[in-house]
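Notes to accompany the following structure.
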Amino acid sequence: MTSMNDSIDPVARPARFGLFGRCLRTSMTGRVGFGLVMFVVIVAIFGPLLTPYAPKDQSAMYAVGANARPSADHWLGTDRLGYDILTQLLYGARTALVVGLGAVLISGCAGILIGGIAGYRGGWTDEVLMRFAEFFLVVPIFIIILAVVRVLSKAVTGTAFETMPYFNLTVIILMIGLFGWAPIARMTRGEFLRIKTLEFVQAARCGGQSGRQIVLSEILPNAFPSIVVLIALEIGGAILAEAMISFLGFGDPNAVSWGQMLYFNYQSLKIWPMASLAPGFMIFITVLGFNLLADGLSDAANPRARRR
Amino acid sequence: MNASAQIERSDVISTDDVILAIEGLNVSLPAGMDRDHAVRDISVELRRGEILCVIGESGSGKSVMSNAVMGLLPPQLKPVAGRIVFDGRDLLTEPPEALRDLRGRAISMIFQDPLSALNPLMTVGDQIAGVMRAHGVGTAQTRRARALELVREVGLPDPELMLLQYPFRLSGGQRQRVMIAMALALEPQILIADEPTTALDVTTQAQILELIRDIQRRKGMSVMFVTHDFGVVSEIADRVLVMEKGHLVEAGTVQKVLTRPEHPYTQRLVAAVPRMRGDTREGMQGTPVVLKVENLRKVYRSGGGFLSKERRVVAVDDVSFELRKGRTLGVVGESGSGKSSLGKLLMKLIDCDGGRIILNGADVAAMPEAAFRPYRKTIQMVFQDPFASLNPRHTIGRILTAGPVTYGETPGVARAAARRYLDMVGLSASAFDRYPHEFSGGQRQRIGIARALMFDPQVIVADEAISALDVSIQAQILKLFADVQAETKVGLVFITHDLRVASQICDEVLVMHKGRVVESGPPAQIFLSPGDDYTRRLVAAIPGAEITLSHDGSPQP
Amino acid sequence: MSNNQPTRREFLQRVGIGAAAMTVPTVIWSPAHAAEPHFKIYLTIFNNQQTRMIWTDLIGKNIAELGVEVVTSYVPPSEVISRRANETGATYTEGGFDMYSERIYYSTMMPLPDVLFSKAAFPPFGKNFYRVEDDILEQAMETYSSSPDPQKRAEALKTFEHRWYDIQPLHMVFYPEDVIAINPDLEGFDATTYNPVFFPRPENWTITSATGPDVSAAFACWQPPTTLVPMYSSGYNESNIFGPVYNSLMEYDSWETKKAVPALAESVTASEDGLVWTIKLREGVKWHSGEEFTADDVIYTWDTILDPAYASVQNSPLVSTFGSKEAYEKVSPYEIKVTLPKYSILFEGLVLTSISIMPKHAYASIGPEEFRKHTISTWTSGFTVTTSDGRTYEAKGAVGTGPWIPAGFDAMRKAYRMVKNPDYWKETTGNVTEFFVVNIQGADAVLSALKAGEIDAHDPMYDIGTLVSTIEEDWGKVLTFDSYKWQQTCLNLKHPVFGTGVDTPLGKQDPSRAAEAAVYVRQAISHAIPREQIIKNLIAGYGKPGTVPMPVTAEEYDHDYLKPIPYDLDLAKSLMEKAGYKYA
Amino acid sequence: METGRYILRRLIYAAIMMLCTSAVIFFLINSLGNPVELMLAETPGVSQETVDLISAQYGLDKPLIQRYFIWIGDLLRLDFGTSITYNLPVGGMIWSWGLHSMQIQIPAIILSVAVAICAGTWAARRQHSRQDFTVMGTVLLGQSMPAFFLGIILIYIFSFVLGWFPSYGAISTRRLLWGSALFDGLWHMVLPVAMISMFNIATLTLLVRTNMIDTLRQDFIRTARASGLKEGEIIRRHALRMVMLPVITYVGLLLGLMLGTSPVTETVFTWPGLGALYVMAIQQLDYPLIMGISIVIAVMLILMTTLTDILYALIDPRVRLE
């Protein structure tokens, strides 16, 4: 458009404090998102110190009763199961983060690996891997996860898995992770394909660097900003997916999950709205936090789209 | 030869003839850029029936000025002072709707990249007719008839079919003709051409320049022609404006500016224009052969998958040559001639389909990567794009030392070497710890050369190593190549599309066309008495030949 | 080159791999009970009813208080069903079950051996999943089911109740009250739905606000039916729909009196010893097709149920009642003689009152493999019935003798529709002429439907008790009924701890006292069930604490002996100590 | 010619995908056990002979691989078997329940696309302005809002507090709104459609905005401006066409998924759609129903993505000809 554009790099420049620093410095949404995420992280780490109750303590049932209004003992009241709502919210943050980070750890590793191989190798490998990814991109993940959670809980009968604590939650995390790699793979592949043809990569080859070195030190660091954006989005997505699965009653009965709170309480919304609105709000701000963070990171990673 | 050069051009034109007057134009830049104004205090008069060339290097503000006339400045660039008077009206204060009506009807514009400038989803016919439709001219039938007429007028083949084509199926020259047809649709009084031939091959460029010149004369249009190439200027211009960093530094007739530049910047610029030389460089005649290529061949295959036809493109076909130590081999050709593929084949960035590459006495053509690795040190490359050729995440030091360290050099020795070569390419040692984005394009290219030198190679392949640079920088880098070669006696394979550049630096030139070497020999033979038909056409198409065919370096139109 | 990859490092540092590292272990391995658990129970919870999920979970937590490790999981009912079908009494880890909870209701109007968990009610190849094996209980039930003398039967029941109360083979949690909200304009709802014998009787409904000749009424059922063939169903999701279409030989007149009166049978007389029965059928009763109802239809129905190829759920009680097809014969078109091999309470309690009679002329041509998929089972299409006099009748579902004629399944509304039978043999009192049964999921939704005037009543499974406070008078009238059902937690009585007791410390020490130790454990569990709190918090007080498998409102319930079992963890622990478990 | 070959190639890919998917579904679900045992589990006193007899009636005594081909053959004749919990033919159920899913999904998709194009274009043309910030903020909120939470809030406000719209079901059982099934159906659709659209609108608006900004930066837009086209015309005739390409892909995916994406919506609104049916089928392990719905969703998805690809190719000549 103008001659000024000539000076824009094909890949983002490194900044003083990295992508995160730039995100926090330049993007309002990034700052808000980071704040919300940090809030949830802090709640997850320190929350349990703030409550005298165990996560599955139903003793309120014998005292103030279920669906009790807020009191000095129960600041947000109790829910239909006689749990202290605040305690559930605090412990739910842990589950949410474990689900989000755990799922993305799996999908991120798989996605970067597969996308990286497809993008770097190209040709026939690329074709096969991307057809495969295409299948995963369009597959109705949610429906499959429901089926697998149910089917596995039946299939493990009598095996050692059955006695594994949080088996259902583990399965849900695994499934969300295993089905979430395709977008990351596609993004990684696109970035690899683009960066691979850039001249500094050819220069590295001319400089005698091996394929592994080129991928790890030349291509991957430059592809990373775009991937990080997607990863932040997927953390939010994974938390949302777990909430929906739990909401439909397929969650882990032994885990404290906001989705599960909603599942048990939304039928009595009219009696005691707090019990459903509070966990819903927590899911909302957590997912919002990661989405905003992704938005800010995306601004930071693509300076071309940044506000001038 | 261009007939326009013979036309007598007068400096004296009455003010009635001024069709567009830019008076004291100031366009501000947003905060944080390296200067306040994109253009500052510019006054220009475009006269009826003339071709006014605006020349300047990148960042000189020439495009900003032409876009300001069209009212197409991006929102962050704002004209803050001055007037643009057309037809008694100030275009800067006209309401947007009136301005819109003028665009396309009274003032038209064509752009640099004809592919992205055309809508990929619409046929040529729809796009030409769309201009008329936008101004409510004619009916669907008459518009189509007019489009047909225009397509014929700009010399596109098979007009009927052409209207139904999509842009991506046309060649670069054809696309630019479509652009011109669109610009001409409503017989505008002014045509603004923003670097319209920069993306084109030299022979196509000659045709397009011819077309613009021809149409301008037939229609009596005024043309504002923005370019960075003095060759083009000499071909087409009546008058020339020279811009530097947003300022207008010199204006005058083409003869005056080219032959008697007054402003020091113009003088530098004109001096830096690559001249066609027909002489043969002295020295280094009997040195040993460092690179010998025999019958090299590369075929690209695409498609060939399930239910789709395989397409084969012979990129490099039976190419043979020898490069001696300290000598420079030029590879010239238009885009698609296979010259870049040849460069990549030499570097073994792509595998060849036949032939031999003898390096250090061994045939490396068929070697697997592992076996070739020790040979890599002897052949290095300098790349085209100074912005993409350095990893933005690595310091200059890391970029330079990574290669030698990979080959087992100790980091200390590599660092010392890096500092030495930085010095050789004219950069201070403080560059070592900085990142690429802190350097200008020319500086980056110097770093690229230093990187190639780190291995003490016997051969450097420079693939269009200067074509992305401004003219003045080009000259510096060319000089650097010459100096480096003199010092290190490295053999240089210099791939370029610019015949003038090749004529300056090469000891021998290969002319490539459709993958084949059509002619080879010393520059004198190639440029002064080309034997091959294609070479002849190529040489004839070099713009500004009349001002450059001299031996003493001073322009002689 | 420490600063060459700033983004990745910064990212990991700042967004909290640290948080993840701290969180993962704490969530995955949260501290369980510090002490070594006494034993481990897998508590399987049906995933289809939230209230039950909650209170079962609560019971699990309380059992855990006794030093038992309780592992809970939510599963579909079908999975528990297949787990408990294991004949060997396998525990959960062996593919069977340890403990789960369910609701039991009377499928007739009197206690029958199956609801009393009689071993005899389940054939040897069958699925006696509870395996209540206690000589005193068996003896009492044997006496009860095979004695024609009401006095003896009452005594046997009392013995049964006392013995059960003492050894607690399964734990009754509570006896729910049925809470039903109905359209305030609906009259005649009284006798509607408590168990499969009491399906809604819309022929007696009057919508007082309705004007004009066509009055429609709608009834919401909790779950969609699986099959509308009576002999395949023991649940009332189905009988809500097929009930109004068919008749049985006898029916109950009203909830008020709970008295069986003749229906398709005009009279039923028995010999002194209760072995020979003469059934006189009502004459002039017409099937919906116009065909005459005769003894052939009754014989056909019994024959079909007795034929194992049809795999009817009523096969086993009928086999144990009749023995074989020789037990009954047609005397005349309107008279059947039944000779029982021995007296069985099932004949009165089940065969006469809850077997719907199917039309031979319409159904006889349908093979066993087709029955479940046929229109008579789904009501989704039509089929043609040819009567003996050669006329044809287009059935849009089942063919019965009842007051309502099926008009098919309305796919758009997902509702079963039926219209009033103008030729019904019995006088009816209501003004409703069109009747819908619609499946609505969820208590909240069903009340919304009632508020919107889309339904007039619903079945009691919605558990609207806790929502009663949201019902306003102008759109909902809340009725409560005593229900002949209870909620219970089931134990695998072959379990080595609480079933046979061989793995208890006491049982290991002295194998002859193993059964006794198991009783202690079961009693401990019973005392760990917070029945009052469950009733108060989860069903809004609409219920009574449970003791034995006998509805608290039944006249057979011995209120003097069966006092509520208190929630007392200390008492429970002392019982566990009796079984040999130690507490610190 | 080229277009024809392209379409043929896509269709053959689709067929291969369907075959693979069906095999996966069949062998996965059938590895879990004999459905007849489950069907009869509640029936006391059924002997093994009876189970075998009924299994044979259902053709379950044959080897798995043979049953797979029988199943495929049945599928081709649109015979999906019979549901264990409902005893209804699965094909008819999918059709009936699926129609209800489409009843809310299709209007929601149309609404989303319409709103998103307007909002996205509007925001893109005012990039970085206050209005753009507002739209983007709303979009981010909408994207982060869990669908079921939104549904619950909608029900609470519009159904419980205000009483404007029904909160369950697809149609009134008896009293139709204004006596018309059409109005009554629309009335029931309001809240579910609002809930589904919310997320789609957010995602699509983002998509439209990003692509519109990209497109408006393209050189051919500048050409159009330089040719004197009106701004509205540039948006409509030039930019939107480009922007529609990714939108079509996304909408194709939405259409493909519409039968399967809605278990949450349909659960919240007790809507008798395929999503809710699927959840029920899984909860009850109703094998024929799970297999039937899975295969229909998969086929629908493959078909829609294939159609999208073909449509894409028809709009963008570069795809079909290169």
Side-chain angles (χ1 to χ4, degrees), chain A residues 1 28-29 32-33 36 131 134-135 137-144 146-151 154-155 233 236-237 239-240 243-245 247-250 258-259 262-263 265-266 269-270 273 276-277 279-292 294-295 298 304-308, chain D residues 13 17 20-21 25 28-29 31-33 127-128 133 136-137 139-141 143-153 155-156 160-161 206 210 213-214 217 219 222 252-253 256-257 259-264 267-268 275-276 278-279 281-283 285 290 293-294 297-298 300-302 304-305:
Chain A
M1 184 160 302
M28 179 67 192
T29 52
V32 175
L36 288 176
R131 287 260 165 241
E134 206 174 81
F135 183 74
L137 271 178
V138 300
V139 90
I141 298 165
F142 193 58
I143 287 222
I144 288 183
L146 290 188
V148 170
V149 167
R150 173 58 63 241
V151 157
K154 185 171 160 56
L233 269 181
I239 292 172
L240 199 56
M244 297 219 278
I245 292 163
F247 174 74
L248 290 178
F250 290 78
W258 294 327
L262 267 163
Y263 167 63
N265 284 301
Y266 88 103
L269 177 76
K270 293 165 187 176
S276 356
L277 296 186
F281 183 73
M282 285 304 287
I283 298 169
F284 174 56
I285 62 161
T286 308
V287 177
L288 181 68
F290 281 105
N291 283 357
L292 289 176
D295 191 63
S298 144
R304 204 180 287 253
R306 231 183 335 168
R307 180 198 295 243
R308 283 177 212 265
Chain D
Y13 272 135
M17 287 250 285
C20 296
T21 318
I25 292 172
L28 192 77
I29 306 226
S31 62
L32 290 172
Q127 198 192 356
H128 300 314
F133 190 78
M136 290 308 293
V139 160
L140 277 167
L141 290 182
Q143 267 200 320
S144 315
M145 179 68 97
F148 50 90
F149 185 48
L150 179 72
I152 288 169
I153 292 176
I155 288 179
Y156 190 72
F160 180 63
V161 177
L206 203 64
T210 314
I213 288 172
D214 261 13
R217 285 207 187 122
D219 284 350
R222 191 177 52 173
L253 204 57
L257 282 171
L259 292 181
T261 47
S262 46
V264 172
T267 303
V268 171
Y278 185 74
V279 171
I282 289 182
Q283 264 168 351
L285 283 180
I290 297 176
I293 298 177
S294 311
I297 289 174
M300 181 91 176
L301 195 60
I302 293 167
M304 286 314 299
T305 43

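Just so you know, these numbers come straight off a predicted model, no measurement behind them. FYI, side chains are in, hydrogens and waters are out, and symmetry mates aren't considered; it's all heavy atoms of this structure. So that the names make sense, note that chain A is the first sequence line, chain B the second, and so on, each numbered from 1.
Looking at every heavy atom in both residues, M244(A) comes nearest to F148(D) through CG-CE2, 3.4 Å. Of all the heavy atoms in F284(A) and L141(D), the pair that sits closest is CE1-O, 3.4 Å. Here the closest heavy-atom approach between residue R131(A) and residue Y13(D) is recorded as NH2-CE1, 3.5 Å. Taking every heavy atom of both residues into account, G280(A) and P146(D) meet most closely at O-CG, 4.4 Å. Looking at every heavy atom in both residues, L240(A) comes nearest to S144(D) through CD1-O, 4.5 Å. Taking both residues in full, the closest heavy atoms of Y156(D) and L269(A) are given as CD1-CD2, 3.4 Å, listed atom of the first, atom of the second, then distance.
Looking at P273(A), only its side chain comes within 4.5 Å of chain D, counting heavy atoms on both sides. In this structure, the portion of L262(A) lying under 4.5 Å from any heavy atom of chain D is its side chain and not its backbone. Looking at M145(D), the atoms closer than 4.5 Å to chain A (heavy atoms on both sides) sit in the backbone and in the side chain alike. For Y278(D), the part lying under 4.5 angstrom from a heavy atom of chain A is the side chain only. Contact annotation for F247(A): only side-chain heavy atoms (C-beta onward) come within less than 4.5 Å of a heavy atom of chain D. If you measure heavy-atom distances from I239(A) to chain D, you find no contacts under 4.5 Å at all. For I290(D), no part lies near chain A; criterion is any non-hydrogen pair under 4.5 Å. Within the 4.5 angstrom heavy-atom criterion, atoms from both the backbone and the side chain of L140(D) approach chain A. Interface residue T21(D): only side-chain heavy atoms are found under 4.5 Å from chain A.
Each of V264(D), V268(D), I282(D) was checked for a side chain to side chain contact (heavy atoms under 4.5 Å, CB included) with L248(A), and the lone residue meeting it is V264(D).
A search for side-chain hydrogen bond (donor to acceptor under 3.5 Å, both in side chains) contacts involving T267(D) returns nothing, not counting sequence neighbours. In this view, T29(A) and S27(A), D295(A) satisfy the side-chain hydrogen bond (donor to acceptor under 3.5 Å, both in side chains) rule, not counting sequence neighbours.
Atom CZ of F149(D) is separated from atom OH of Y266(A) by 14.5 Å, given to the nearest 0.5 angstrom.
Atom CZ of F160(D) has more than 12 neighbouring heavy atoms from other residues, nucleotides or ligands inside a 6.0 Å radius.
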